[in-house]
Amino acid sequence: MTPAARCSAAIEVLADIAARRRPAADALKDWGLSHRFAGSGDRAAIASLVYDALRRRASSAWIMGDDAPRSVLLGSLRLQQGLAAPSIAALLTAERFAPEPLSAEERVRLEQGDLADAPPAIAGDVPEWVLPELESLLGTDLLPELKALARRAPLDIRLNALKQSRDEALPGLAHLAGEPTPFAPQGLRIPIGADGRGPALHVEPEFLDGWYEIQDEGSQLAALLAEPRAGETIVDLCAGGGGKTLALASQTGNGARLIASDDDPRRLAPIHERLRRSGAAAEVRTPRTGRARADVLADLDGTVDRVVVDAPCTGAGTWRRNPDAKWRLRPGSLETRIAEQTAVLDRAARLVRPGGRIVYITCSLLPRENDGALDAFLGRTKGFAVVPARDVVERVLPGLADSVRFTRHGLQMSPARTGTDGFYVANLERRS
């Protein structure tokens, strides 16, 4: 496909997303199935165009004076990819499969449009209703953080210490041209191309041999800040695909008793192959389907040293990777996530022994899901106290202290400060 045809396809996908309010991944998959002539490179390039347009949807519509899919794509070519009006015009030729040429007004807007007078929600490309939440956390850093949240995310991997250290693995991974991550001691940042794509890491021989997992540095840091120790019983309560379970096993050298569980057995499905590949030792407890679900962790109540709660959340800290999610988020969705956080925290409280800890993690920048969730938990649950986040950082990763935001109960990572997704981490200790 020509670059012009890829632009036409991206406009088509954006129109589908807008009309049906569906995830971008679903719209892209359906487009690919109905256009089988498009090769893998074409599909990847179209996906890159679509995700860039969604990252800058509001600001693109602002400079173009219109929020139609075509306008959003054109604006994103200017704002996200830095193309000048003549370069954009060269893609719009009205030839076969190409979009219609630029109108006179579109050309003027591409040449002269700017965000100087745009309100924060437009300039920062977020839904207006989340601004008060974000401003309460970010303060004067609001706009720089929102702009960082609208950029492309880096591509990070975590070297598996059960196989070898980062230094030992580097010669064998030289072809990936990675650089050590700024904070995570086992992380490597892999360069991505101008189109936002990196190498197909999941088919590399080293990946298949368990050398590394694809994991954002923020997620790696969250696992480190859980302070897992050999000899402990550790429950990964919302294990999902198992990313943090694998990290915890690596950190403890398989010296802890690790139990991975999740309310949704479908989310747990990938963990078995990941455990096999990595050499990580963990027990997987899958809830049975049916009307009356047995509690698969009931035998552990009151005995667990450390409960890691990677809580269900809005994912507002991962909008660089999932930009369509921010436009589908509604206040009701936030309320649903808060209710789910209440349930998992209460379950964690029953599991942990006196002297043990709950490690509460989200990938959200919204305070109601973070300090707010813990305010509510501490208000209804006796016997728990916050472990000062600054003390944890000083023990585990002292170089991180100047980059994170310390909140009332935990710490917040963010794209502008730490270069990671927006992870929140807090430790609670059961005192009685």
Query raised in the report: So, are D209 and R277 salt-bridged, with charged N and O less than 4.0 Å apart?
Result: no
Report summary line: The residue among R368, E369, R337, K326 that forms side chain to side chain donor-acceptor pair (under 3.5 Å) with T314 is E369
Query raised in the report: Salt bridge or not for R306 and D236, using N-O below 4.0 Å?
Result: no
Query raised in the report: Any idea which heavy atoms bring P354 and G302 closest together, and the distance?
Result: CD-O, 4.3 Å
Report task. Could you check if a side-chain atom of L142 sits within less than 4.5 angstrom of a side-chain atom of L131, using non-hydrogen atoms only? Result -> yes
Query raised in the report: Checking side-chain hydrogen bond (donor to acceptor under 3.5 Å, both in side chains) for the pair N160/E213: CA distance, chi angles, key distance, verdict?
Result: CA-CA 7 Å; N160 179 11; E213 290 290 330; over 6 Å; no
Report task. Using a 4.5 Å cut-off on heavy atoms from C-beta on, say whether the side chain of N427 contacts that of V386. Result -> no
Report task. Anything under 30° is parallel, anything over 60° is perpendicular, the rest tilted; go ahead and classify Y424 against Y360. Result -> perpendicular
Query raised in the report: Knowing that exactly one of D125, L79, D52, L77 qualifies, which makes a side-chain contact (heavy atoms from CB on, under 4.5 Å) with S60?
Result: L79
Query raised in the report: Is it the case that more than 12 heavy atoms not belonging to R266 sit under 6.0 Å from its CZ atom?
Result: no
Query raised in the report: Quick one: does D305's side chain get under 4.5 Å of I234's, heavy atoms only?
Result: no
Query raised in the report: Charged N to carboxylate O under 4.0 angstrom, R20 versus D26?
Result: no
**Report entry** Lys/Arg-Asp/Glu bridge criterion (N-O < 4.0 Å) met for R57, D67
**Finding:** no
Requested in this report: May I ask you to test the Q215-I157 pair for a side-chain heavy-atom distance under 4.5 Å?
Outcome: no
**Report entry** NZ/NE/NH1/NH2 to OD/OE distance under 4.0 Å, D346 and R380
**Finding:** yes
Requested in this report: Take S40 and R43, measure what side-chain hydrogen bond (donor to acceptor under 3.5 Å, both in side chains) needs, and give me the verdict at the end.
Outcome: CA-CA 5 Å; S40 60; R43 294 194 301 273; 5.1 Å; no
Query - SB check D324 R328 (cutoff 4.0 Å) - result: yes
